[in-house]
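We name chains A, B, ... by the order of the sequence lines, and we start the count at 1 in each one.
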Amino acid sequence: MASCWLIKSEPDEYSWQQLVKDGETQWTGVRNYAARNNLRSMATGDPVFFYHSVKGTEIVGIAKVIKAHYPDPTSDNPAWVAVTVAPFKAIPQPVTLSTLKQDPFFADMDLVRQGRLSVGKVSAKEFRRICRMGGLTT
DNA sequence: GCCAACGTTGGC
DNA sequence: GCCAACGTTGGC
């Protein structure tokens, strides 16, 4: 069973729309150990929520890991890793952070509990529920 | 190895 | 623009 994840990006830096346009992108530049450990745990094919931080503060799409972790090409330090992701599905009705915060079901989610973590884990239950809230049947 | 100071992220 | 949360750094 695949694990589910969430990655954050400021839309001014790199948006979901840009990912769709690019077709795929290398997720580089993570310089936090907890986030790095999550990157390392990702497997090819894992679904990844794409969250817009600062502007929007909502989950706008689902990406997929198409290449598992490798040394981050933007760093000389082999401790840092990157993955490659591709867009999978847009979320018809983006799910906002405030919506998630209002629902105790999501109280344990990395996104809610640890606001600054840029790469977080999502449980299968949380994943399905967010998909449904976003207007996806899967 | 503790902890104060400082820097950064990101919600509001 | 403010500030809370948290990570990192460096003095001791």
Side-chain angles (χ1 to χ4, degrees):
Chain A
M1 168 102 191
S3 302
C4 310
W5 310 96
L6 180 143
I7 55 178
K8 305 208 279 197
S9 182
E10 294 191 32
D12 285 350
E13 299 283 326
Y14 192 88
S15 67
W16 168 256
Q17 288 77 14
Q18 189 63 45
L19 177 62
V20 170
K21 198 189 285 181
D22 291 347
E24 66 175 66
T25 197
Q26 295 188 109
W27 210 252
T28 59
V30 172
R31 298 291 183 268
N32 167 285
Y33 289 106
R36 190 278 313 269
N37 292 343
N38 285 330
L39 283 183
R40 275 188 178 164
S41 302
M42 289 183 183
T44 302
D46 283 355
V48 185
F49 281 136
F50 197 101
Y51 173 82
H52 278 168
S53 63
V54 181
K55 285 190 178 172
T57 61
E58 59 191 6
I59 297 169
V60 293
I62 305 173
K64 281 215 166 168
V65 178
I66 60 169
K67 191 165 183 241
H69 70 92
Y70 45 88
D72 186 337
T74 68
S75 172
D76 291 333
N77 185 345
W80 302 122
V81 301
V83 299
T84 303
V85 297
F88 174 58
K89 268 183 187 172
I91 293 184
Q93 298 155 267
V95 178
T96 66
L97 178 62
S98 78
T99 302
L100 296 178
K101 279 188 168 172
Q102 282 164 29
D103 189 339
F105 184 85
F106 297 108
D108 285 338
M109 231 183 128
D110 282 346
L111 180 68
V112 172
R113 242 195 24 238
Q114 207 183 334
R116 293 184 50 190
L117 189 64
S118 62
V119 182
K121 214 173 182 330
V122 180
S123 78
K125 282 182 179 178
E126 290 159 353
F127 186 84
R128 277 195 298 272
R129 182 135 161 184
I130 289 169
C131 285
R132 237 181 302 126
M133 291 164 74
L136 292 172
T137 43
T138 45

At under 4.0 Å between heavy atoms, what does [X] touch on the DNA or RNA strands: base, sugar-phosphate, or nothing?
X        : answer
A:Glu10  : nothing
A:Lys55  : nothing
A:Leu117 : nothing

> In terms of side-chain geometry, is the basic nitrogen of A:Arg36 or A:Asp72 positioned less than 4.0 Å from the acidic oxygen of its partner?
Replying inline: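 Not counted as a salt bridge, because no side-chain N and carboxylate O are separated by less than 4.0 Å.
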> Aromatic rings A:Phe127 and A:Phe49: how do their planes relate, parallel, tilted or perpendicular, breaks at 30° and 60°?
Replying inline: parallel
> According to a strict under-4.0 Å criterion, is A:Tyr51 in side-chain N/O contact with OP1 or OP2 of B:dT9?
Replying inline: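 No.
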>> Is there a side-chain contact between A:Gln114 and the phosphate of B:dG10, meaning an N or O under 4.0 Å from OP1 or OP2?
In response: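 Indeed not, no polar side-chain atom of A:Gln114 lies that close.
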> Where the side chain of A:Arg116 is concerned, which of B:dG10, B:dC12, C:dC6 is the nearest nucleotide?
Replying inline: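 Ranking B:dG10, B:dC12, C:dC6 by closest atom to the A:Arg116 side chain puts C:dC6 first.
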Integer-rounded Å distance: [N] [atom2] and [X] [atom1]:
X        : N      : atom1 : atom2 : answer
A:Glu58  : B:dG11 : CD    : P     : 11 Å
A:Leu111 : C:dC6  : CG    : P     : 13 Å
A:Met109 : B:dG11 : CE    : C1'   : 16 Å
A:Ile59  : B:dG10 : CD1   : P     : 14 Å
A:Glu13  : B:dG10 : CD    : C1'   : 13 Å
A:Arg113 : B:dT9  : CZ    : P     : 21 Å
A:Asp110 : C:dG7  : CG    : P     : 12 Å

>> Looking only at side-chain N and O atoms, does A:Asn38 offer a donor or acceptor that is under 3.5 Å from a partner on A:Trp5?
In response: no
> Quick one: side chain to side chain donor-acceptor pair (under 3.5 Å) pairs with a partner in residues 48-64 of chain A, sequence neighbours left out?
Replying inline: A:Asp12-A:Lys55
> For atom CG of A:Asp76, is the number of surrounding heavy atoms from other residues, nucleotides or ligands below 6.0 Å larger than 12?
Replying inline: no
>> For A:Leu111, is there any backbone N or O sitting under 3.5 Å from a side-chain donor or acceptor partner on A:Lys8?
In response: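 No, the answer is negative, given that no donor and acceptor are paired below the 3.5 Å cut-off.
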> Are any side-chain N or O atoms of A:Glu13 and backbone N or O atoms of A:Glu10, one a donor and one an acceptor, separated by less than 3.5 Å?
Replying inline: no
>> Distance check, rounded to the nearest 0.5 Å: A:Asp108 atom CG versus A:Glu126 atom CD?
In response: 7.5 Å
>> Report for the helix from B:dG1-C:dC12 to B:dC12-C:dG1: angle between first-end and last-end helix axes, five pairs each, rounded to 10 degrees.
In response: 10°
> Which residues in residues 29-37 of chain A have at least one heavy atom lying under 4.0 Å from any atom of DNA chain C?
Replying inline: A:Asn32, A:Tyr33
> Are A:Tyr33 and A:Trp80 close enough that their ring centres sit under 6.0 Å apart?
Replying inline: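 Yes.
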